[in-house]
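Here the structure is laid out as structure tokens; the discussion comes afterwards.
Computed from a prediction, not measured in an experiment: that's the story for all the values here. Each chain gets a letter, A, B and so on, in the order its sequence line appears, and its residues count up from 1.
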2 protein chains.
Amino acid sequence: MLIVTRKTDRKIVGIIGGMGPEATADFYMRLVKRTPADRDQAHLHVVMDGNPAIPDRTESFLNESDATMEAVVESALRLEGMGAGILVMPCNSAHIWFDGIVSRLSVPLLNMVEEVFSAVRKADLRTVGLLATAGTVRSGLYERYAGEVNLLVPADDERERIHEAVYAVKAGIGPGEARGGKDVLLEVVAGYREQGAEGVILGCTEIPLLICQADLPGFPVFDSTDILVDATLREALPR
Amino acid sequence: MLIVTRKTDRKIVGIIGGMGPEATADFYMRLVKRTPADRDQAHLHVVMDGNPAIPDRTESFLNESDATMEAVVESALRLEGMGAGILVMPCNSAHIWFDGIVSRLSVPLLNMVEEVFSAVRKADLRTVGLLATAGTVRSGLYERYAGEVNLLVPADDERERIHEAVYAVKAGIGPGEARGGKDVLLEVVAGYREQGAEGVILGCTEIPLLICQADLPGFPVFDSTDILVDATLREALPR
């Protein structure tokens, strides 16, 4: 039996990963780079269960299946067993089952969608557009947490094209600047701006692998990966 | 009690991480990008224990301390408990204690240094230079596995400068192209070439965050991170 000892009041961060794998690696790299640390030993202790076999989120939602939720809970419990004191799930669509997941856990799971709206409210914006997978859009996940924020969602044909861009990242197609999905996403954002959007939410952790704030100078971009990194540091480091 | 079921003959990969955190994130990102997969579910299941509190490798070696080895074994056993069927340790210096570590484990641990020399022999090179931390160089770790390969190691003043470049990465200083350590490393490589080196080993996983093959066109670069990624895919995917 291994005893996990904690020498400080820092929390071990557990990453429920693999949804998808590149987005998980990107989250972990950003977390490392944003941690204030002057040597290895000043960084956070991070444990990760990157199980890409977790069933596809959009498919589970459309088929009204609990398979994704059950697999996520299994990962989360494994991370609790590794000593995680706080859990994060760098996948927006998996948050469709957030309430069902947290009800089975003993340690807190950060809510990425809640954190995104907290950032939107801090910026005092009233209307924002959402870039997300078909599952996230059709489930109404983001509307659930929007409160008084007016949320613009993609039209049916745009949903399909955004979904294709995300799944091309998952397929490892077109790494780096060559990734074709970027143009699709920027077109949808241009449409949102015509409809009065004052900012855009990158509400899928594959989307920050395609576009970022630098692609939209002067237009507020709410990057769900970056926002979850900031929330993780806020919760895991001693206050 | 959680039961880890394996639906295929793939192995769960366990990453003994945190040495240093950015090198671990880099290893995991490269592993994801190099995995032949057309969707999330085709990727490898990867578990990671990124414990940056593992004592500094060079310090442990110089102080003749077992503290690093004990902490690595603890991480490895935690990963075995998570169901890992193969372990990797993307830190060259930690391999100083390789034999002591494997003697305590139930699942195989890939040997990054052995894999590097396997690549050097495949390229049929006789003389190669080594870029590594002071601990790796002073312990003679690479000499132990060199066999008939003639290994050039840094002179005393160069050791100090390479070590500083590596520890600047660990401190998060100068991300991207601005990282000052690059010039130091390229100077040492130029010296190796004057001494007859036919290639260079990036024998520390922070060094590929500073230089890569593109910096040395036509001169074979043995990147220990990439070589460990290839070995991981070879061992973890069904044959």
Side-chain angles (χ1 to χ4, degrees), chain A residues 1-8 10 12-13 15 17-57 74-75 77-79 81-83 91 167-168 170-173 175 206, chain B residues 1-8 10 12-13 15 17-57 74-75 77-79 81-83 91 167 169-173 175 206:
Chain A
M1 179 60 112
L2 288 166
I3 308 298
V4 179
T5 54
R6 298 195 200 148
K7 297 197 180 78
T8 68
R10 291 171 159 229
I12 296 180
V13 175
I15 303 176
M19 304 183 283
E22 187 176 338
T24 305
D26 181 51
F27 173 82
Y28 178 46
M29 181 58 97
R30 294 189 196 200
L31 181 66
V32 169
K33 290 205 168 179
R34 252 189 233 214
T35 304
D38 61 351
R39 63 206 167 90
D40 288 355
Q41 289 73 16
H43 276 269
L44 286 168
H45 188 162
V46 178
V47 295
M48 192 262 296
D49 186 29
N51 179 12
I54 292 178
D56 184 82
R57 279 61 70 196
E74 194 180 314
S75 256
L77 294 177
R78 283 149 66 86
L79 292 165
M82 289 276 282
C91 170
Y167 279 69
K170 290 178 181 295
I173 294 169
E206 267 85 20
Chain B
M1 180 57 111
L2 286 166
I3 307 297
V4 179
T5 55
R6 296 195 201 150
K7 296 197 183 75
T8 69
R10 293 172 159 226
I12 296 179
V13 175
I15 303 176
M19 303 182 285
E22 188 176 337
T24 305
D26 182 50
F27 172 82
Y28 178 46
M29 181 58 96
R30 293 188 197 201
L31 180 66
V32 168
K33 290 205 169 180
R34 253 191 232 212
T35 304
D38 60 353
R39 61 206 169 91
D40 288 356
Q41 289 74 17
H43 276 269
L44 287 167
H45 189 162
V46 177
V47 294
M48 192 262 297
D49 186 30
N51 179 11
I54 293 178
D56 183 82
R57 281 60 69 193
E74 192 180 319
S75 254
L77 294 178
R78 283 150 64 86
L79 292 165
M82 288 276 281
C91 170
Y167 279 71
V169 173
K170 289 177 182 296
I173 293 168
E206 266 86 21

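Only the backbone of L44(B) comes within less than 4.5 Å of a heavy atom in chain A; its side chain stays farther off. Proximity to chain A is limited to the side chain of R57(B), based on heavy atoms less than 4.5 angstrom apart. The part of P55(B) that comes within reach of chain A is its backbone (N, CA, C, O), which places non-hydrogen atoms under 4.5 angstrom from that chain. In this structure, chain A has heavy atoms under 4.5 Å from both the backbone and the side chain of T24(B).
The main-chain N or O of H43(A) is found under 3.5 Å from a side-chain atom of R10(A) such that the two form a donor-acceptor pair. Between the side chain of R78(A) and the main chain of D49(A), no donor-acceptor pair closer than 3.5 Å is present.
Salt bridge E22(A)/K170(A): absent, no basic N to carboxylate O contact under 4.0 Å.
Interface check for chain B: of the options I54(A), V46(A), V47(A), L79(A), the most heavy-atom pairs under 4.5 Å are formed by V46(A). The residue among N51(B), D38(B), V32(B) with the most heavy atom pairs within less than 4.5 Å of chain A is N51(B).
Nearest approach of G20(A) to E206(A), heavy atoms of both residues: N-OE2, 3.1 Å.
Checked by atom type, the side-chain pair D56(B)/Y167(B) shows a donor-acceptor distance below 3.5 Å.
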